[in-house]
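The figures here come from the full heavy-atom set of this structure, side chains too, leaving out hydrogens, waters and symmetry mates. First the proteins, then the strands, lettered A, B, ... as listed; each starts at 1.
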There are 2 protein chains.
Amino acid sequence: MLELAVLGLLHESPLHGYELRQRLKATLGSFRAFSYGSLYPTLRRMKESGWIAEDEGDAEVVAGAPALTGKRGKVVYKLTAEGKERFTELLAEAGPASWEDEQFGVHFAFFAKTAPEVRVRILEGRRARLEERREGVRTSLARTRERLDSYTLQLQEHGLESVDREVRWLSELIETERNSIRSNPSTNPL
Amino acid sequence: MLELAVLGLLHESPLHGYELRQRLKATLGSFRAFSYGSLYPTLRRMKESGWIAEDEGDAEVVAGAPALTGKRGKVVYKLTAEGKERFTELLAEAGPASWEDEQFGVHFAFFAKTAPEVRVRILEGRRARLEERREGVRTSLARTRERLDSYTLQLQEHGLESVDREVRWLSELIETERNSIRSNPSTNPL
DNA sequence: GGATTATGTATCGGGGCGATACATCGCGGT
DNA sequence: ACCGCGATGTATCGCCCCGATACATAATCC
């Protein structure tokens, strides 16, 4: 998962770990953070796999910038050709795993780079997954309602409402997506 | 965390792993599941720590029940005295960790067994935590809004709305809690 | 009678998190 | 002039949890 996110972010421009983490937060928001404890090992793994490489391109700073003579420390990573392939591959696969909580957010964050049919597939899969869960909780709740204390009950119902809200959100998105495909099959929204 | 949940559930009656997992689902609903891959190792650890023990009490089945002569396989666990202590302890501690996503749900599920002051403390802590997060996302969003594509933006805003909804939910609960404490300081709702 | 589903216990690899360590830089306060 | 603090920066460690998997028996359905 983190791998997908890193590939996606590096797709824009080379970045070092700290920046990557900032972007991760800015992109995924309240969904998830990804700690350094996940990030750095992942970067190492990805480098070993050849998806990313250290970028030694001495970027000429525009002007007036402080003379950062020598002084290394930052490790800037860039996508390799294989990394780009890998990214495209991961986006296109988008199996049932991407309906799940953890994966969905990340996939969604890179929808702008995802093929329209795949977008719809993911949204519908996610919705189906949530509907399943909702029904499961509902029937279980119906069976055990009287045995639960008021707090447990409130927890369940709040959860149910959240799931319901996301289902409605997804339905709107699917609708929009379908219209945009129909009217212009090959365009990505900004 | 699982430890707390197991202690809470065994507080009611002795249970074996499979049942425990069912109860876990029924109690926590859409919040989290806790897989067997977490449950069984946790049970082993807890047994080693002495919080729980195998229950060999041959429960006399009422009547007409199938003769389950001998035939073992199920491992039924019950709370030990230390386990009960541990549970009470964990409920009373309720530090900042219990404001976090994973812990909050579990703590809340056992609110009926938690002291009223602790309940309020947890609810307020959780709310403060969410408000922090909300502000963080909001300012970050304000700064980077124009650089984000429409999908990322929608993801952020949906997340923001969810956080907002939970804050409002918590506020209601806090209000109710305060009133109930004021009117009758020593009662737990059903 | 055969197949699927529920009940049941258990392990394994992998991934993510929080805490922690350590180091530098710029800024504001006194 | 100095100090501390918060941001920038890289990195590791132990813990917890999850999904997949294995295996075995009872019930239930067709």
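In terms of the salt bridge (charged side-chain N to carboxylate O under 4.0 Å, His left out) criterion, Arg45(A) has no residue partners (sequence neighbours excluded). Remark: Glu124(B) pairs with Arg178(B) by the salt bridge (charged side-chain N to carboxylate O under 4.0 Å, His left out) rule, at least two apart or across chains. Partners of Phe108(B) by ring-ring contact (aromatic ring centres under 6.0 Å, His included), not counting sequence neighbours, listed by chain and number: Tyr151(A), Phe104(B), Phe111(B), Trp169(B). With sequence neighbours excluded, the residues that form a salt bridge (charged side-chain N to carboxylate O under 4.0 Å, His left out) with Glu132(A) are Arg129(A). With sequence neighbours excluded, no residue forms a salt bridge (charged side-chain N to carboxylate O under 4.0 Å, His left out) with Lys84(B).
Screening residues 86-95 of chain B for side chain to side chain donor-acceptor pair (under 3.5 Å) gives Glu3(B)-Arg86(B) as the qualifying pairs, with residues at least two apart or on separate chains. Applying the salt bridge (charged side-chain N to carboxylate O under 4.0 Å, His left out) rule to pairs touching residues 161-173 of chain B yields Glu161(A)-Arg165(B), Arg165(A)-Glu161(B), Arg126(B)-Glu166(B), Arg134(B)-Asp164(B), Arg138(B)-Asp164(B), Asp164(B)-Arg168(B), sequence neighbours excluded.
DNA chain D is contacted by no residue of residues 126-145 of chain B, taking any non-hydrogen atom closer than 4.0 Å. For residues 5-25 of chain B, proximity to DNA chain C is found at His16(B), Gly17(B), Tyr18(B), defined as any non-hydrogen atom under 4.0 angstrom from a strand atom.
One interatomic measurement links the two molecules: CG of Leu28(B) to C1' of dC17(D), which rounds to 14 Å at whole-angstrom precision. Between the C1' atom of dC16(D) and the CD atom of Gln103(B) lies a distance of 11 Å, rounded to the nearest Å. Across the protein-nucleic acid pair, Leu43(A) atom CG and dT12(D) atom P stand 11 Å apart, rounded to whole Å.
Terminal axes of the helix from dG1(C)-dC30(D) to dT30(C)-dA1(D) (five pairs each, C1' rotation axis) are separated by 40°, to the nearest 10°.
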Would you be so kind as to tabulate the donor-acceptor pairs closer than 3.5 Å made by side chains of residues 23-34 of chain B, with sequence neighbours excluded?
unit_1	atom_1	unit_2	atom_2	d
Thr27(B)	OG1	Arg23(B)	O	2.6

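For Leu39(B) and Tyr40(A), each mapped to the nucleotide of DNA chain D holding its nearest heavy atom, the one lying further toward the 5' end belongs to Tyr40(A).
Residues Leu9(B) and Leu15(B) share a closest heavy-atom pair of O-CD1, 4.2 Å.
The pair Asp55(B)-Lys74(B) fails the salt-bridge criterion, with no side-chain N (NZ, NE, NH1 or NH2) lying under 4.0 Å from an Asp/Glu carboxylate O.
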*Audit row: Thr176(A), Asn179(A), side-chain hydrogen bond (donor to acceptor under 3.5 Å, both in side chains) steps and yes/no*: CA-CA 5 Å; Thr176(A) 310; Asn179(A) 288 337; 6.0 Å; no
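Cluster annotation: Leu10(A) is not connected to Val76(A) through the hydrophobic network of ILVMFWY side chains, with a link wherever side-chain heavy atoms come within less than 4.5 Å.
Between Leu173(A) and Gln154(B) the shortest side-chain heavy-atom distance falls below 4.5 Å.
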*Base versus backbone protein contacts along nucleotides 12-22 of chain C [heavy-atom cut-off under 4.0 Å; B, S, -]*: B--SSBB----
